[in-house]
Trainee: 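I have a structure I would like to understand better, so I am pasting it below and will then ask my questions one at a time.
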Amino acid sequence: MCIAFLHSQLPFNPISVAVRLQYLSLCDKPAVMIPTITQRVAQWSVAQQGFFVLAILSVSWTAWRLWRFTLAPMVNKGQVKELPYLVPFLGHGIFFLRDLGGAVKYGREYFGNTRETFSVTVAGQQIYIMTSATNIAATLKSLDTFDYSSLITDIMRKFGISSEAINILHDVPHSLINKPGRVKSLADIGEHSMKQQLNPGPKFDDFEAVLLSEIDARLTWDKLSSKALLSPNTNSPNLKAVSLIELVRQTLVESTAIGFFGTAILQVNPAIVDTFLSFDDRLWMFLYGIPRPWSSGMRAAKEKLHDSVVAYLRLPKDQRPGAAWLASTLETEMSGRGISTRDLAGWLTMIFWSLSTNTWRLCFWVSAYILHDPSLLASIRTEVLPYTSSYSSLSALHTDLSTKCNLFHSVYHETLRLVDSPISIRKITQPVTTAMGESLPPQAFLMLIHRELMLDEKAWGADVRKFNPTRFLRGTAGEAMLRSKSYTPFGGGPMLCPGRFMARGEVMVFVALLISRFDTVPHSPEAQFPRLDTTTGYGSGILGPMKGDDIAINLSCRDLGQGLVQ
Ligand code: HEM
């Protein structure tokens, strides 16, 4: 089987060539020649036969390597180079699965750090890897040549949306075919509605107001999540020891669930936050398509989440008030065109996941960087207090924090730069030449590695891997970097993340209220800063901390002026 495989990979197969040559030179008696070799081999001892097979395999393997990674690149000049690998078909599969970021870095350095595009083989599939800012910026803009719809369909399927529903989503009803206007298919309506809800405007304001008010309510002394309390029985009336990671994720995910579905989601599943987190903690298995039984826990949590949303949708509409405009609009539009409740629930689960997953992780890291450094904490507290002690609305507070608190704003972006690792995946639809002049074949997959840009020493300087809170301060050269090709935490082009405003509001308001309302002292002063987990989940967005890493803090109340002024 292995030889058959080598045959398919090589333009020639050394074994079949040898046999054919013998056949041609002795074509008058082929029937005698071939059985003679077979008979001779059959007479050898097992050890000799093993050695013979090994010798053939070694010669085949060496010829394959020599052709594929040395001679072929010389013959096919101008084509994207391939990163060599040892095991045919498998290629870099295991390296990619275990440490995708490490594999990409290895490839970039292997080709002399030129940042040219290179290709890798993963389980028989050839994938092109881009790490150059110029190439990535040009690719993100081009819709005709680089398609992302098949990837969205893939995610939908993973969220349990049926093929039938996916067909309906892209269908345009006959009654609409001749009507003017762009928005016709359900997929168009979904995309358009998502942008209306998430891009600044009246619908964004309404949604943000609800979401931030839920966060605000949970960041008060009596309402702090009980799941975040470390040793609840020993807390004094004025002091609470808290796990930062639990405080952040319980607060943000629950606020998002209520903001998106309304409180009825807690009636159908009071543990919706834990169900979501049980799935989200194993997200890499979901995105990498890890099969059962290794991913059974992730699959069970995802099913439970999906079932909860189905149960929610089966409640009469008047028993589930307070849903976001986006959720209600999609429900009306989709059920009107025959999408089943289960498929609709899959779609809403997918949006709930997009709203929650990256934001809580980013919020954890921004809080961690600030709380871990007492002098940074003091500076940011001084900066935000004038706004958190008196504000007209939580949305106005978000605006003030992001436009007037320069150090806080810089810390937000510096954290994003260091902890974000999204990968944009595109399918090449036609032969194309990249901005750096490389030819890419159609039908291949392309990965745009944003983290490679955000950690490029040439763009950011020698301290690129260090947290520098003032890197993006307004009025400095760093401010311009926010608009550079090397800073793409939310992607770019037509797929630029529409959730970036909501994420910033949630994170900035959470952190500002936390440090304004509470004195925060490390629970154990010698504790290490949480380590970033750069292997699990590389490519899916904001990276999490290593398992078990956290910041434990002692909270006590501060006197905070008027707060919300009605
Ligand atoms: C820190 C938080 C976030 C980060 C780092 C982030 C990152 C990204 C990135 C890099 C992309 C581009 C993907 C590509 O090019 O293939 C993207 C797209 C997207 N993001 Fe986010 N995101 C965040 C928060 C959110 C939130 C809160 C939502 C709300 C639902 C959201 C919804 C989306 C959607 C719908 C797209 C696809 C856009 C489209 O199809 O046109 N994201 N995000």
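All ligand and atom numbering here is 1-based and tracks the order in the structure.
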Trainee: Please confirm whether Glu191 comes within less than 3.5 Å of ligand 1 when only nitrogen or oxygen atoms on both sides are compared.
Mentor: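 There is no such contact.
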Trainee: Listing request: all salt bridge (Lys or Arg N to Asp or Glu O under 4.0 Å) pairs with a residue in residues 150-159, at least two apart in sequence or in separate chains.
Mentor: Asp154-Lys158
Trainee: Could you tell me whether ligand 1 has any atom less than 4.0 Å away from a heavy atom of Pro494?
Mentor: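 The answer is yes, since Pro494 has a heavy atom less than 4.0 Å from ligand 1.
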Trainee: Which residues pass the salt bridge (charged side-chain N to carboxylate O under 4.0 Å, His left out) test with Arg249, sequence neighbours left out?
Mentor: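 Applying salt bridge (charged side-chain N to carboxylate O under 4.0 Å, His left out) to Arg249 gives Glu246, Asp281.
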Trainee: Not counting sequence neighbours, list each pair that qualifies as a salt bridge (Lys or Arg N to Asp or Glu O under 4.0 Å) and has a residue in residues 484-497.
Mentor: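 Sorted pair list comes back empty.
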Trainee: Short of 2.8 Å from atom 21 (Fe) of ligand 1, name each protein N/O/S atom, waters not counted.
Mentor: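 Sorted hits: Cys497 SG.
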Trainee: Measure from the ring center of Tyr487 to the ring center of His413 and say whether it is less than 6.0 Å.
Mentor: yes
Trainee: Starting from atom 37 (C) of ligand 1, which protein heavy atom do you reach first, and at what distance in Å?
Mentor: Met495 CE, 4.0 Å
Trainee: Among all protein non-hydrogen atoms, which one is nearest to atom 7 (C) of ligand 1, and what is the separation to 0.1 Å?
Mentor: Pro489 O, 3.8 Å
Trainee: Out of Leu362, Ile423, Ile136, Ile425, whose heavy atom sits nearest atom 1 (C) of ligand 1?
Mentor: Leu362
Trainee: Assess the side chains of Ser142 and Thr145: does a donor N or O sit below 3.5 Å from an acceptor N or O?
Mentor: yes
Trainee: Of all the non-hydrogen atoms in the protein, which one sits nearest to atom 13 (C) of ligand 1, and at what distance?
Mentor: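 Result for atom 13 (C) of ligand 1: Ser424 OG, 4.2 Å.
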Trainee: Evaluate Arg426 for polar contact with ligand 1, using N/O atom pairs at a separation under 3.5 Å.
Mentor: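 Right, the criterion is met.
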